[in-house]
Amino acid sequence: MKNLDNKTMEIARFESFFPENARFDELEKLAIYIKDGNPCQLIGLPGVGRSTTLRLLAYNKSVRLKHFNKNVQWLHFVLIDFSEASGRPFSDLLKHMLFSISESLRERQMNEECKKVQSFVEKYTTTNEDIIILDGLKQIIDYLSLEKKLTIVFLFDKFELYIPMLTNKFFIHLKALQNRAKYRLISVFSVNRPLEEILDETILPDAYGFLGKRNVFLPILDEPSLNFAISYFEKISQKKIVKDIRDIVISQTAGHGKLTKISIEQVIAEGVLENIPTFLEGDKTVRSLLYEIWNHLTTEEQEQLKNLTRIKTIDKKDLNENNESPYLVRSSLILNNTISIPLLASFASYRAGRVIEKITVSENGKEIYRGESKISDQFTNSEFFLLKLFLENKENIVERSDIIDAIWKNSKSTEGVTDQAIDQLIFRLRKKIEKEPNNPSHIITIKGRGFKFIA
């Protein structure tokens, strides 16, 4: 994590070539929040281009000028890739943040500032003590924000990958840094679902100031980015993509960035000229990405997609859009009561024909599956441990006291845990695993006694 490797440097150069109108509407919304000094969230489906959008701010000068004009000289964007800190302790995350700030200054050739910050990095990364590394981070923020009068914009990419390791001290310290910088520190969280849905309820109070309604959803298609990516593929592969093939692939992928790229690569590699939709439906590489998109949805959302494949076109006009998941609509996965990505619609139809898949916990107790699909990544820590408790006690009554012991056993006191807190946790878990959360078939309430999990 200490230095940008060759792959990261290549990504930086790649993003710098994008046209200035790439992801224009979404970046314009982000710019408004940043100019106002407000933290915000960038939300999108897996593979839709969240990382690319953030890297445009970090590495593309023309994009920054397009959205911030002359004010850009006072803004400094720091891309912090949380996939590099996934599974690591808080001290390693802090070090990663220090290195990322240093590298961002070097990338923009801010030599004086880079030299100064690098001296802090070398001094404060020889230890694993959180409090000492934090002191180094504070001094860097003081130097850049107070002395150099820069507004630092943290671009937290793939933030959801650190959720299993996240504690409330992350937001406590981030808020302290923000106050220290006199609001010259802004955070943009890139996540696949809104933070309020994926953060543990014990963390939410400390994260409150970073939530709210300042959300920017990435639609599936961005034509300038897609056209550039395809042209770039043609350049490096030295293979011209026939317009008819390109149009067919895009019609099947709806222009979804990663899905389109993979589909074109597979079609070209296999030399497919006919029956392209059928080929893509059966291709293992394409299907693996469809699984990635599918598995990050809640069970209720998956059921909505399955139901849309069962309904005739003429009947869809009568559907009440209020019954649709807000996430499915805002992420543009559902448009006009139709699944916007035909390949995913075919996949949903295939899933609709499958037998009911059981929810199970792995032998090591660290992962939860529905059938062969791992679903544990979509749960907060509390939801994971609650579902694990239910799965380990199938068909038996689990009392509220059992839930408190399993979920809040590490708290200083369990006396303040209310029935309402338990009910809210149960409801959130039902929304993620039940077809009909208000009419559950798995987590059954046993009045006056507790709950029972039915497999």
Side-chain angles (χ1 to χ4, degrees), residues 1-9 11-12 34 37 39 54-55 57-59 61 64 72-159 161-162 165-190 206 209-210:
M1 294 193 297
K2 291 186 178 181
N3 295 292
L4 285 176
D5 55 22
N6 291 334
K7 180 181 178 181
T8 307
M9 290 294 290
I11 288 174
I34 291 170
L54 291 189
R55 292 198 297 260
L57 290 176
Y59 302 133
K61 184 177 181 179
R64 290 196 297 269
V72 74
Q73 64 180 316
W74 303 111
L75 291 168
H76 182 65
F77 296 90
V78 181
L79 182 68
I80 302 175
D81 186 349
F82 273 69
S83 66
E84 296 185 32
S86 178
R88 294 176 179 265
F90 188 56
S91 59
D92 281 357
L93 173 59
L94 293 175
K95 290 180 182 180
H96 182 44
M97 293 176 71
L98 293 180
F99 290 130
S100 297
I101 295 173
S102 177
E103 293 293 355
S104 68
L105 294 167
R106 184 177 67 82
E107 175 67 32
R108 292 185 63 181
Q109 299 181 339
M110 299 171 68
N111 298 329
E112 177 188 343
E113 292 83 355
C114 184
K115 184 177 180 180
K116 179 73 172 180
V117 168
Q118 187 59 32
S119 68
F120 288 124
V121 173
E122 293 173 356
K123 179 180 179 181
Y124 289 99
T125 56
T126 57
T127 179
N128 289 322
E129 295 291 332
D130 294 355
I131 191 168
I132 296 177
I133 307 172
L134 270 167
D135 188 50
L137 186 56
K138 290 174 183 176
Q139 292 191 47
I140 290 175
I141 297 300
D142 286 350
Y143 168 68
L144 293 176
S145 64
L146 303 182
E147 184 174 335
K148 289 298 181 177
K149 305 300 182 184
L150 291 172
T151 295
I152 305 160
V153 184
F154 280 153
L155 304 173
F156 293 136
D157 191 22
K158 306 184 188 79
F159 187 75
L161 296 180
Y162 196 74
M165 299 292 294
L166 195 66
T167 65
N168 57 355
K169 65 182 177 182
F170 173 85
F171 289 102
I172 291 173
H173 291 307
L174 187 59
K175 181 65 176 178
L177 288 173
Q178 182 176 286
N179 292 338
R180 193 181 186 93
K182 307 301 182 187
Y183 296 96
R184 287 181 179 270
L185 177 62
I186 303 163
S187 301
V188 178
F189 295 87
S190 169
D206 294 307
F210 299 93

Point-to-point distance, once rounded to the nearest 0.5 Å, from [atom1] of [X] to [atom2] of [Y]:
X: I80; Y: S100; atom1: CD1; atom2: OG; value: 5.0 Å
X: S145; Y: I140; atom1: OG; atom2: CD1; value: 11.5 Å
X: S91; Y: D130; atom1: OG; atom2: CG; value: 5.5 Å
X: L105; Y: K148; atom1: CG; atom2: NZ; value: 10.5 Å
X: S119; Y: Y143; atom1: OG; atom2: OH; value: 8.5 Å
X: N168; Y: H173; atom1: CG; atom2: NE2; value: 9.0 Å

Counting N and O atoms only, with roles assigned by atom type, does the side chain of [X] sit under 3.5 Å from a partner on the main chain of [Y], one being a donor and the other an acceptor?
X: S86; Y: S83; answer: no
X: R106; Y: C114; answer: no
X: R88; Y: E84; answer: yes
X: H96; Y: D81; answer: yes
X: K182; Y: N179; answer: no
X: K95; Y: T127; answer: yes
X: R64; Y: A58; answer: yes

Beyond-backbone contact of [X] with [Y], side-chain heavy atoms, under 4.5 angstrom:
X: S187; Y: L174; value: yes
X: F82; Y: L93; value: yes
X: T167; Y: F90; value: no
X: I132; Y: Y124; value: yes
X: F120; Y: L98; value: no
X: Q178; Y: F210; value: yes
X: L75; Y: L150; value: no
X: R184; Y: W74; value: no

Taking F77 as the fixed residue, which of V188, L54, L155 is the one that meets the side chain to side chain contact (heavy atoms under 4.5 Å, CB included) rule?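 Exactly one option meets the side chain to side chain contact (heavy atoms under 4.5 Å, CB included) with F77, and it is L155.
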
Side chain to side chain contact (heavy atoms under 4.5 Å, CB included), paired with L94, selected from I131, T125, L137: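 Only one of I131, T125, L137 forms a side chain to side chain contact (heavy atoms under 4.5 Å, CB included) with L94, namely L137.
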
Before you tell me yes or no, could you show the steps for I152 and V78 under side-chain contact (heavy atoms from CB on, under 4.5 Å), namely the whole-Å CA-CA distance, both residues' side-chain angles and the distance that decides it to 0.1 Å? CA-CA 7 Å; I152 305 160; V78 181; 4.0 Å; yes

For F154 and L79, what are the C-alpha separation, side-chain angles and deciding distance, and is it a side-chain contact (heavy atoms from CB on, under 4.5 Å)? CA-CA 6 Å; F154 280 153; L79 182 68; over 6 Å; no

May I ask you to say whether E103 pairs ionically with R108, meaning some side-chain N is under 4.0 Å from a carboxylate O?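 Salt bridge absent between E103 and R108.
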
Is D206 salt-bridged to K175, going by a charged N under 4.0 Å from an acidic O?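 Result for this pair is no, no salt bridge flagged.
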
Which atoms form the tightest heavy-atom contact between Q118 and S102, and what is the distance?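 Closest approach of Q118 to S102, heavy atoms only: OE1-OG, 2.6 Å.
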
Of all heavy-atom pairs between I141 and A181, which one has the smallest distance, and what is that distance?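 The pair with the smallest heavy-atom distance is CG2-CB, 3.8 Å.
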
Do we see a donor-acceptor contact under 3.5 Å between the side chains of H76 and T151?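 The answer is no; no qualifying pair exists.
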
Would you sort out whether E113 and K116 count as a salt bridge (charged side-chain N to carboxylate O under 4.0 Å, His left out), showing the intermediate values? CA-CA 5 Å; E113 292 83 355; K116 179 73 172 180; over 6 Å; no

Is the distance between the ring centroids of F170 and F159 under 6.0 Å?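 So the answer is yes for these two rings.
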
